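The next block holds one structure in the form of structure tokens; read it before the comments.
Everything quoted here is computed from the prediction, not taken from an experiment. Along the sequence shown, residues carry numbers from 1.
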Amino acid sequence: DAGVGSLPAWRQRFGALLPSGFDAVLSDFAPHLDSWLAALARRPLTLAHADVRVDNLVFPERGGVRIVDWQTAMRTGGVTDLAILLATSTTVDDRRAWEGDLLLRYRDGVARHGIDLDLEELRTGYADSFLWWSSMFANNLSTIDPPPGRGSELFDSMVSRTARAAVDHEAERSGSV
């Protein structure tokens, strides 16, 4: 099962950074990751960057935005990139404040291209993305020693903010918010 075997190393490396309740959320999700991925693969997929964060965005003087560093591109649900951008490139408070509006903007943006997304399915996919990302971080980042300084700080903030988003959205789903 993807992600389950890496949980002990994950807890050792990042445990002190994880919000209360996160370990239970990830432990509940990890054994179901394979079936979740299989269900995702049956739905429409799109090309995703899979590492969208401010460090990988360029804002040309003439306007717009360019995404660089595409080595982790993959096929997945489109909202995956929005989730990781908000989790890793904003503060927890800003993500909480902006995500509802940005999900609506995302849905409206794809609708202009003829893609009709059910808002509840979009919200579920968005929330699930944080669990998926956390599983991927557990699988990948637990065994990588980043260089001291910026690299370590980047991993720590990516992990802690994404975990916080996963806990926030799990609390919403369970009605405990």
Side-chain angles (χ1 to χ4, degrees), residues 1-7 9-14 17-18 22 25-26 29-60 64-92 94-95 98-99 102-103 105-106 109-110 113 115 117 122-169:
D1 291 83
V4 176
S6 58
L7 289 180
W10 165 265
R11 288 179 183 115
Q12 182 177 355
R13 166 71 172 85
F14 295 105
L17 301 172
L18 302 174
F22 177 75
V25 170
L26 185 60
F29 180 73
H32 306 288
L33 183 58
D34 290 334
S35 60
W36 180 83
L37 288 169
L40 177 68
R42 290 189 293 273
R43 299 193 342 239
L45 301 176
T46 190
L47 175 67
H49 182 275
D51 191 19
V52 177
R53 53 192 164 84
V54 170
D55 291 347
N56 289 332
L57 301 178
V58 177
F59 300 91
V65 63
R66 305 288 183 268
I67 304 173
V68 298
D69 193 13
W70 282 83
Q71 77 243 20
T72 57
M74 65 182 178
R75 290 179 347 149
T76 189
V79 75
T80 303
D81 277 345
L82 177 61
I84 200 61
L85 173 65
L86 289 177
T88 62
S89 297
T90 65
T91 65
V92 170
D94 285 343
R95 175 194 44 84
W98 299 339
E99 65 191 351
L102 290 173
L103 278 172
R105 286 179 176 208
Y106 178 88
V110 298
H113 296 282
I115 301 167
L117 296 176
L122 178 62
R123 286 183 174 137
T124 298
Y126 177 76
D128 287 349
S129 291
F130 298 118
L131 292 168
W132 179 82
W133 274 110
S134 294
S135 296
M136 292 303 96
F137 289 162
N139 191 53
N140 300 332
L141 300 184
S142 299
T143 59
I144 297 172
D145 280 328
R150 172 113 170 57
S152 183
E153 291 170 11
L154 176 65
F155 279 17
D156 290 355
S157 70
M158 289 171 62
V159 166
S160 64
R161 289 176 180 181
T162 302
R164 177 76 262 161
V167 170
D168 286 353
H169 285 278

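Nearest heavy atom pair, residue Ala166 against residue Ser134, reads CB-OG, 4.4 Å. Shown here for Ala87 and Thr162, the closest heavy-atom pair between the two residues is CB-OG1, 3.6 Å. Taking every heavy atom of both residues into account, Thr76 and Ala48 meet most closely at CG2-CB, 3.4 Å. Of all heavy-atom pairs between Ser89 and Arg161, the closest is C-NH1, 4.2 Å.
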After noting the C-alpha distance and the side-chain angles of Arg13 and Val159, does the key distance pass the side chain to side chain contact (heavy atoms under 4.5 Å, CB included) rule? CA-CA 11 Å; Arg13 166 71 172 85; Val159 166; over 6 Å; no

From CA spacing to verdict: side chain to side chain contact (heavy atoms under 4.5 Å, CB included), Leu26, Ser135: CA-CA 7 Å; Leu26 185 60; Ser135 296; 3.4 Å; yes

Set out, in order, the CA-CA distance, both residues' side-chain angles and the distance that settles side chain to side chain contact (heavy atoms under 4.5 Å, CB included) for Leu57 and Leu85, then state yes or no. CA-CA 10 Å; Leu57 301 178; Leu85 173 65; 4.1 Å; yes

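Remark: Thr90 OG1 to Arg95 CZ distance equals 7.0 Å, nearest 0.5 Å. Between atom CG of residue Leu45 and atom CG of residue Leu40 there is a gap of 5.5 Å, rounded to the nearest 0.5 Å. Here the CH2 atom belonging to Trp132 is positioned 8.5 Å from the CD1 atom belonging to Ile84, to the nearest 0.5 angstrom. Atoms CG and CG, on Leu103 and Leu122 in that order, are 5.0 Å from each other to the nearest 0.5 Å.
Within a 6.0 Å radius of CD in Gln71, more than 12 heavy atoms belonging to other residues, nucleotides or ligands are found.
For the side chain to side chain donor-acceptor pair (under 3.5 Å) test, residues two or more places apart in sequence or in another chain that qualify with Asn56 are Asp51. In this structure, the ring pair (Phe, Tyr, Trp, His ring centres under 6.0 Å) partners of Phe137, at least two apart in sequence or on a different chain, are Trp133. For Trp70, the side chain to side chain donor-acceptor pair (under 3.5 Å) criterion is met by no residue, not counting sequence neighbours. A search for side chain to side chain donor-acceptor pair (under 3.5 Å) contacts involving Asp55 returns Arg53, Arg150, not counting sequence neighbours. Take Tyr126 and apply the ring pair (Phe, Tyr, Trp, His ring centres under 6.0 Å) test, not counting sequence neighbours, and it matches Phe130, His169. Partners of Phe29 according to the ring pair (Phe, Tyr, Trp, His ring centres under 6.0 Å) rule, which considers only residues two or more places apart in sequence or in another chain, are Trp36.
Checking side-chain atoms of Ser160 against main-chain N and O of Leu17 turns up no donor-acceptor pair under 3.5 Å. Between the side chain of Thr72 and the main chain of His49, a donor-acceptor pair closer than 3.5 Å is present. Side chain of Ser152 to backbone of Gly149: no donor-acceptor contact under 3.5 angstrom is found.
For the pair Leu102 and Glu99, the minimum side-chain heavy-atom distance is 4.5 Å or more.
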